Amino acid sequence: MAKIDFKKQFAKATAQAFQTVYPDIFKKQGEEQVFDNEFIYENLEKPKDPQLGRFAFPVFRYAKLLNDNPNEIAAKIAHKNNQLIKNTSESVPFEAVATGGFINAKINAEIEAQQTLEEILTKSSEYGSSKKGKGHKILVEYSSPNIAKPFGIGHLRTTILGNSLRRIFRKLGYEAIGINYLGDWGTQFGKMIVAYKKWGKKNKNTVADLYDLYVKIHREAEQDNKLNDEARAAFKKLEDGDKEITALWEYFKTISWAEFERIYNLMDIEFDWVTGESFLNDKMEQVIDRLKEAKLTSISEGALIVELDDPQLPPCLLKKADGATLYATRDLAGLLYRWDKYKFDEALYVVGSAQAVHFKQVFKVIDLLEKAENIPENNRIDGRAKHIDFGWVKFGDKMMSTRQGNIIFLEDVINKAVALAKEKIKEKNPDLKNIEETALTIGVGAVIFSQLSVRRQKDVNFDWNEVLNFEGETGPYLQYTHARLCSLIRNYHEEIVSDINYSLLHNEEEKRIIEHLSDFPELVHEAAKNYEPNFIATYLLKLSGAFNKFYQRKKEDGKIDKIISDDKELTSARMALVKAVQIILKEGLYLLGIKAPEEM
RNA sequence: GCCCCCGUAGCUCAGUAGGAUAGAGCGUCGGUUUCCUAAACCGCAGGUCGCAGGUUCGAUUCCUGCCGGGGGUACCA
């Protein structure tokens, strides 16, 4: 059976109906396109109440044009629509129903159920995958913690967002390359070196020790300006390749990376390329030369700058008055390097919104450079690089700031969440085999989900009670639902097949679930288009809610209408649905970076 | 000063390329289990969608102004 695209069929039939009912509409110059099936397809929406139908088309806009009132238009079109569809197909895919000024399409639920479940059970986790991105390269830079600073929850958001985006784009066939761009260079290392020489322990330093030094020197420097001078001098030495200073810097890096790696392993965060700002040390001068040759640079107050022809943007600083480079210089060199190396279609920077101006400057400089060098438009970076910004993580109404020491260590958060998960398991499922591993999965799942349950650009409050809550709209809730589904599959000792009696899945609860399942592919596209993993998080909550409702539905006698019953035909139909939900829930969680336990 | 983001139920958030009575979770109160995992489900209560205009058949959604919160605004990242 060829797959029916209900949406397209409905749009097409509606367009035809318009032309049949109002044959003179084409006499109106310039209005034709609003009656063609593409326009209608694009303007289809979901009815508020799913009982009204699967798609809806509002006709208010036509009232003036057709000189008729919306209710009449909807009624006439719906009527004609039904006539047309009955004449053209054997099995009726949908029924058009006029409600007010809307034409609602009640689609044939049995056909949709069959199409959807057959496809999911056949493709399994590949359902919703596509080849859309085939041949396209997309770089995703995320996490990028700073050496010598602890991995705080401030870095949690970029890490989780980027990791998820990488997986989402891969699902759509893109070659997505995750980049961890470590903050391993810059004047703060001058401060670190001075602090370490003054107060540091000789051995067995942890990141926490280094961080104490970092906070201390920031405080001291506020009182004593000489420290800042010393720090600048130290950083200059580092840039000049001083042996002793470089060894210290390497030492800081080793300590830090050990901690970062431990956290990435705990959280199952993946990268394809781990690099750092220092990687660009020998690549900045050539970029500066290019900019000079393009006559874009100038000296202002002793600093080397690029003036941007935008009154909204301050000039981009390439070199400070003391000759040291800045992070914009490094990002410029980095972007040009990545362009040479990858020829990407898109380069995403998953970085907090505080750096919006910085990225605007960097992208603007690139734009000016490419124009000045007359690079052909199809070979330009311009427009391909994007700042994927996100809001702050606040704690007790304060912004997290590593400089002020107002920070929560991510590892503490994970440890607490895992410990709590362990407690819950012992309380609820003490016989569980791999308690340690499951507790880790759940604890980490809770932490990850806490960052994805809010839209990117909003600030999030870090609230222990919320992160450590495993009930309601949380990661563990989704995981629990998944475990439940797996439990059903275990208890059903027969093979799950898609060759079932689809008419048995006719109740509202089952229909809602199938509708959600059928929406999944489009949803993944939307998430990618908006760089917004939260779409998937919200979707999974709805899917899980719909399933749990079905799972605990009661019969008329007040008892649970069990999925596995003596009615073999019914059970086999329901189990096909169960399996499909399990597949999608697991896949959706994977896209968020969360593991789906089979038992918990 | 200028620029950007945010302002939806007591709290945390969905909903926004305009559309049909604005939805969840947490918290309060009440109910459901001789157990297909109650980390669940059902119900009650809770809203001038910051305020005021404008565009529109229709605005939480778009535009303007204002109020409130946050961020940014050349030698930090």
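Just so we're on the same page: letters track the sequence lines, and every chain starts at 1. All of these numbers come straight from a predicted model, not from anything done at the bench.
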**Q** In terms of side-chain heavy atoms, does A:Q355 have a donor or acceptor partner in A:H387 at a distance below 3.5 Å?
**A** no
**Q** In whole angstroms, how far is the P atom of B:A40 from the NZ atom of A:K428?
**A** 8 Å
**Q** Identify, with sequence neighbours excluded, every residue that meets ring pair (Phe, Tyr, Trp, His ring centres under 6.0 Å) alongside A:H525.
**A** none
**Q** Reading RNA chain B 5' to 3', how would its secondary structure be written in dot-bracket notation, given Watson-Crick and G-U pairs with both distances under 3.5 Å, brackets [ ] for crossing pairs and | for partners on other strands?
**A** (((((((..((((.....[...))))..((((.......))))......(((((..]....))))))))))))....
**Q** Looking at the rings of A:W185 and A:F235, which for Trp means the six-membered one, are their centres under 6.0 Å apart?
**A** yes
**Q** Determine the contact category for A:R330: base if any of its heavy atoms lies under 4.0 Å from a base atom, sugar-phosphate if only primed atoms, P, OP1 or OP2 are that close, otherwise nothing.
**A** sugar-phosphate
**Q** Before we go on, tell me: are the rings of A:F359 and A:Y349 under 6.0 Å apart, centre to centre?
**A** yes
**Q** Which nucleotide in the list B:A74, B:A77, B:A20 gets nearest to the side chain of A:Y327?
**A** B:A77
**Q** From the options A:E508, A:E510, A:E509, select the one residue that forms a salt bridge (Lys or Arg N to Asp or Glu O under 4.0 Å) with A:R512.
**A** A:E508
**Q** Going by heavy atoms closer than 4.0 Å, what residues in residues 554-572 of chain A are next to RNA chain B?
**A** A:K554, A:I560, A:K562, A:I563, A:I564
**Q** Give the nucleotide from the list B:A20, B:G25, B:A77 with an atom nearest to the side chain of A:E473.
**A** B:G25
**Q** Check if the side chain of A:Q552 and the base of B:A40 share a donor-acceptor pair of N or O atoms closer than 3.5 Å.
**A** yes
**Q** Classify A:L52 by what it touches in the nucleic acid, base, sugar-phosphate, or nothing, heavy-atom distance under 4.0 Å.
**A** base
**Q** Considering residues at least two apart in sequence or located in another chain, which fulfil the ring pair (Phe, Tyr, Trp, His ring centres under 6.0 Å) criterion with A:H516?
**A** none
**Q** Would you tell me if any nitrogen or oxygen in the side chain of A:Y477 comes within less than 4.0 Å of OP1 or OP2 on B:C41?
**A** yes
**Q** Hydrogens and angles aside, do A:Q188 and A:N146 bring a side-chain donor and acceptor to less than 3.5 Å of each other?
**A** no
**Q** Could you pull out all residues at least two apart from A:N180 that satisfy side-chain hydrogen bond (donor to acceptor under 3.5 Å, both in side chains)?
**A** A:Y264
**Q** Enumerate the residues from residues 525-534 of chain A whose closest heavy atom to RNA chain B is under 4.0 Å, giving them by residue number; use none for an empty result.
**A** none
**Q** Report the distance from atom CZ of A:F535 to atom P of B:A24, rounded to the nearest whole Å.
**A** 20 Å
**Q** Taking 5.5 Å and 30° as the limits, would you call A:Y551 and the base of B:C41 a stacked pair?
**A** no
**Q** Can you measure A:N429 atom CG to B:A38 atom P for me and round it to whole angstrom units?
**A** 11 Å
**Q** Provide, to the nearest angstrom, the distance between the CZ atom belonging to A:F359 and the P atom belonging to B:G72.
**A** 15 Å
**Q** Could you pick out which residue, A:Q361 or A:F57, lies toward the 5' side of RNA chain B when each is mapped onto its nearest nucleotide?
**A** A:F57
**Q** I'd like a table of donor-acceptor pairs (distance under 3.5 Å, sequence neighbours excluded) in which one partner is a side-chain atom from residues 38-46 of chain A, with atom names and distances.
**A**
{"unit_1": "A:N43", "atom_1": "ND2", "unit_2": "A:F39", "atom_2": "O", "d": "2.8"}
{"unit_1": "A:K46", "atom_1": "NZ", "unit_2": "A:D519", "atom_2": "OD2", "d": "2.8"}

**Q** Could you give the NZ-to-P distance, from A:K542 to B:A40, as a whole number of Å?
**A** 19 Å
**Q** Does OP1 or OP2 of B:A39 have a side-chain N or O of A:R484 closer than 4.0 Å?
**A** no
**Q** Closest nucleotide of RNA chain B for A:H358 versus for A:S353: which of these residues is on the 5' side?
**A** A:S353
**Q** Quick one: the side chain of A:T538 and the base of B:A24, do they pair up donor-acceptor inside 3.5 Å?
**A** no
**Q** Identify which nucleotide among B:A40, B:A14, B:A74 has an atom closest to any side-chain atom of A:P315, counting heavy atoms from C-beta outward.
**A** B:A74
**Q** I need the CG-P distance between A:L541 and B:A40, as an integer number of Å.
**A** 11 Å
**Q** Can you name the nearest heavy-atom pair linking A:R574 to A:K562, along with the distance?
**A** NH1-O, 3.0 Å
**Q** Give the rounded distance in Å between these two atoms: CD of A:E471 and C1' of B:A24.
**A** 16 Å
**Q** Can you tell me which nucleotide in B:A39, B:A77, B:U21 comes closest to the side chain of A:D49?
**A** B:U21
**Q** Can you give me the closest heavy-atom contact between A:L540 and A:L589, atom names plus distance?
**A** CD1-N, 3.6 Å
**Q** Is the A:W464 to A:F462 ring centre distance short of 6.0 Å?
**A** yes
**Q** Have a look at A:E277 and say if it touches a base, only the backbone sugar-phosphate, or nothing, with a 4.0 Å heavy-atom cut-off.
**A** sugar-phosphate
**Q** For a quick check, tell me whether the side chain of A:N104 and the base of B:A20 share a donor-acceptor pair closer than 3.5 Å.
**A** yes
**Q** State, to 0.1 Å, how close A:R157 and A:R455 come at their nearest heavy-atom pair, and which atoms those are.
**A** NH2-O, 3.3 Å
**Q** Is there a side-chain contact between A:L368 and A:V365 in this structure, where contact means two heavy atoms from C-beta onward sitting under 4.5 Å apart?
**A** no
**Q** Side chains of residues 298-315 of chain A: which donor-acceptor pairs under 3.5 Å do they make with residues two or more places apart or in other chains?
**A**
{"unit_1": "A:D309", "atom_1": "OD1", "unit_2": "A:K364", "atom_2": "NZ", "d": "3.4"}
{"unit_1": "A:D310", "atom_1": "OD1", "unit_2": "A:Q312", "atom_2": "N", "d": "2.8"}

**Q** Out of B:C13, B:G19, B:A77, which nucleotide sits closest to the side chain of A:N461?
**A** B:C13
**Q** Hey, do the aromatic rings of A:F520 and A:Y539 have their centres closer than 6.0 Å?
**A** yes
**Q** Show me the protein contacts with nucleotides 42-46 of chain B, counting only N or O atoms at under 3.5 Å.
**A**
none

**Q** Quickly work out the A:E598 CD to B:C36 P distance and round it to whole Å.
**A** 20 Å
**Q** If I take atom CZ from residue A:F535 and atom CG from residue A:L592, how far apart are they, to the nearest 0.5 angstrom?
**A** 13.0 Å
**Q** Are any protein N/O atoms closer than 3.5 Å to N/O atoms in nucleotides 2-11 of chain B? If there are, list each pair with its distance.
**A**
{"unit_1": "B:G7", "atom_1": "OP1", "unit_2": "A:K458", "atom_2": "NZ", "d": "3.3"}

**Q** Can you tell which of B:C13, B:C41, B:C26 lies closest to the side chain of A:N548?
**A** B:C41
**Q** Is a donor from one side chain sitting under 3.5 angstrom from an acceptor on the other, for A:R484 and A:N548?
**A** yes
**Q** Ignoring hydrogens, what is the shortest heavy-atom contact between A:D184 and A:K253? Give both atom names and the distance.
**A** OD2-NZ, 3.7 Å
**Q** With ring centroids as reference points, do A:Y477 and A:F449 lie under 6.0 angstrom apart?
**A** no
**Q** Mind checking what makes ring pair (Phe, Tyr, Trp, His ring centres under 6.0 Å) contact with A:Y551, not counting sequence neighbours?
**A** A:F547
**Q** Tell me which nucleotide among B:G70, B:A20, B:U12 gets nearest to the side chain of A:W392.
**A** B:G70
**Q** Between protein and nucleic acid, restricted to nucleotides 54-60 of chain B and to nitrogen or oxygen atoms under 3.5 Å apart, what atom pairs and distances do you find?
**A**
{"unit_1": "B:C57", "atom_1": "OP1", "unit_2": "A:K64", "atom_2": "NZ", "d": "2.6"}

**Q** Using the side-chain heavy atoms of A:V454, tell me which of these nucleotides is nearest: B:C13, B:A20, B:A74.
**A** B:C13
